[in-house]
Amino acid sequence: LIAALTALGAIVAVPSAASAATITVNDVGDTTANDGACVMREAIVAANTNAASGAAVGECATGQASPIEDVIEFEIAGTGPHVIAPATDLPELDEVMTIDGSTDSTGEIVLDATPNGLGFGLGVGAGSTADSLTIQGFGTGIVVVDPGGSVLNSFVGTNEAGAAGIGNGGGISLSSS
């Protein structure tokens, strides 16, 4: 059959598998705006909604619909640790995604609620993963809200070296929705 199609000059197209969207956080701020910065809050929303955070260069890329896994990476200028201090609770990770703090050049991404005393750091659900983050100063550092959510290589309730306690009210809470 292939020889016959080749002889007829037919072109056989094989669909390629969809690949994960890479969304790159480039700013430690917490402002949601079309300002050329991709902040962590915007990256989570882009992955959850499969929509870019804005049209300006530097904004968060569009996520891919589940079951494709989005990857949130970090490329923040300057020396670390890079501290992200959310003004309000971050959105829950509703779609399949990995937030990978090890991708930053310093490898030190810190979520710190100390200035704002927030309820929880990350709500990890839908088979999502929080990897290589330091989470401190929250009521609860991480809430794993659905089966398959995971936390890897992270410091919860300590400094970025894991050497000093900077507590959360609770570390990791397991919950079912």
Side-chain angles (χ1 to χ4, degrees), residues 16-56 58-76 80-113 118-136 138 140-156 160 168 171-177:
S16 62
S19 60
T22 299
I23 302 168
T24 304
V25 174
N26 57 25
D27 194 287
V28 297
D30 194 37
T31 302
T32 302
N34 187 17
D35 58 2
C38 177
V39 300
M40 188 160 175
R41 178 179 308 280
E42 290 175 314
I44 294 169
V45 170
N48 281 341
T49 63
N50 306 313
S53 63
E59 285 291 320
C60 298
T62 301
Q64 295 288 328
S66 288
I68 308 294
E69 180 180 12
D70 296 322
V71 178
I72 296 176
E73 297 183 345
F74 296 85
E75 191 174 297
I76 300 171
H82 291 125
V83 178
I84 298 170
T88 60
D89 288 337
L90 292 167
E92 183 179 312
L93 312 185
D94 290 332
E95 285 218 344
V96 178
M97 72 182 81
T98 294
I99 298 178
D100 189 355
S102 73
T103 57
D104 189 62
S105 62
T106 67
E108 297 177 308
I109 299 297
V110 178
L111 295 181
D112 186 1
L118 301 178
F120 69 92
L122 285 176
V124 180
S128 292
T129 301
D131 189 4
S132 302
L133 300 170
T134 298
I135 300 174
Q136 60 195 29
F138 291 89
T140 300
I142 296 177
V143 178
V144 179
V145 294
D146 282 318
S150 60
V151 181
L152 305 171
N153 308 310
S154 296
F155 293 111
V156 181
E160 60 278 358
N168 296 299
I172 299 175
S173 173
L174 306 177
S175 174
S176 62
S177 56

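Just so you know, these numbers come straight off a predicted model, no measurement behind them.
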CD1 of Ile135 to CG of Leu90: how many Å apart, nearest 0.5 Å?
9.5 Å
Just how far is it from atom SG of Cys60 to atom CD1 of Ile44, taken to the nearest 0.5 Å?
9.5 Å
Given side-chain contact (heavy atoms from CB on, under 4.5 Å), test Leu152 with Ser132 step by step and report yes or no.
CA-CA 6 Å; Leu152 305 171; Ser132 302; over 6 Å; no
Test item: Asn26 side-chain N/O and Glu75 main-chain N/O as donor-acceptor pair under 3.5 Å:
no
Once rounded to the nearest 0.5 Å, what's the spacing between atom CZ of Phe120 and atom CG of Asn168?
12.5 Å
Which atom names give the shortest non-hydrogen contact between Ile76 and Ser105, and what distance separates them?
O-OG, 4.4 Å
Who pairs with Asp30 by salt bridge (charged side-chain N to carboxylate O under 4.0 Å, His left out), at least two apart in sequence or on another chain?
Arg41
Decide whether Asp104 and Thr106 meet the rule of one side-chain donor and one side-chain acceptor closer than 3.5 Å.
yes
Run the numbers on Ile99 and Val25 for side-chain contact (heavy atoms from CB on, under 4.5 Å), then give the verdict.
CA-CA 10 Å; Ile99 298 178; Val25 174; over 6 Å; no
Please name the pair of heavy atoms, one in Ile84 and one in Pro86, separated by the smallest distance, quoted to 0.1 Å.
O-CD, 3.3 Å
Residue pair Glu59 / Ser53: nearest heavy atoms and the distance that separates them
OE1-OG, 2.5 Å
Using only atom types and a distance under 3.5 Å, with no angle test, would you say the side chain of Ser128 pairs donor to acceptor with the backbone of Gly149?
no
Does Ala56 offer a backbone N or O that forms a donor-acceptor pair with the side chain of Asn34 under 3.5 Å?
yes
Rounded to the nearest 0.5 Å, how far does CG of Leu111 lie from CD1 of Ile109?
8.5 Å
Given side-chain contact (heavy atoms from CB on, under 4.5 Å), test Val110 with Phe155 step by step and report yes or no.
CA-CA 9 Å; Val110 178; Phe155 293 111; over 6 Å; no
Within the side chain of Thr103, is there an N or O that forms a donor-acceptor pair under 3.5 Å with the backbone of Gly101?
no
What is the minimum heavy-atom distance between Ala47 and Glu95, and which atoms define it?
O-OE1, 3.5 Å
Of all heavy-atom pairs between Ser154 and Ala130, which one has the smallest distance, and what is that distance?
OG-O, 3.8 Å
Taking the side chain from Thr24 and the backbone from Glu73, do they hold a donor-acceptor pair closer than 3.5 Å?
no
Donor-acceptor contact below 3.5 Å, side chain Asn48 vs main chain Asp94
yes
Tell me the closest heavy-atom pair linking Ile23 and Ala43, and the distance in Å.
CG2-CB, 3.7 Å
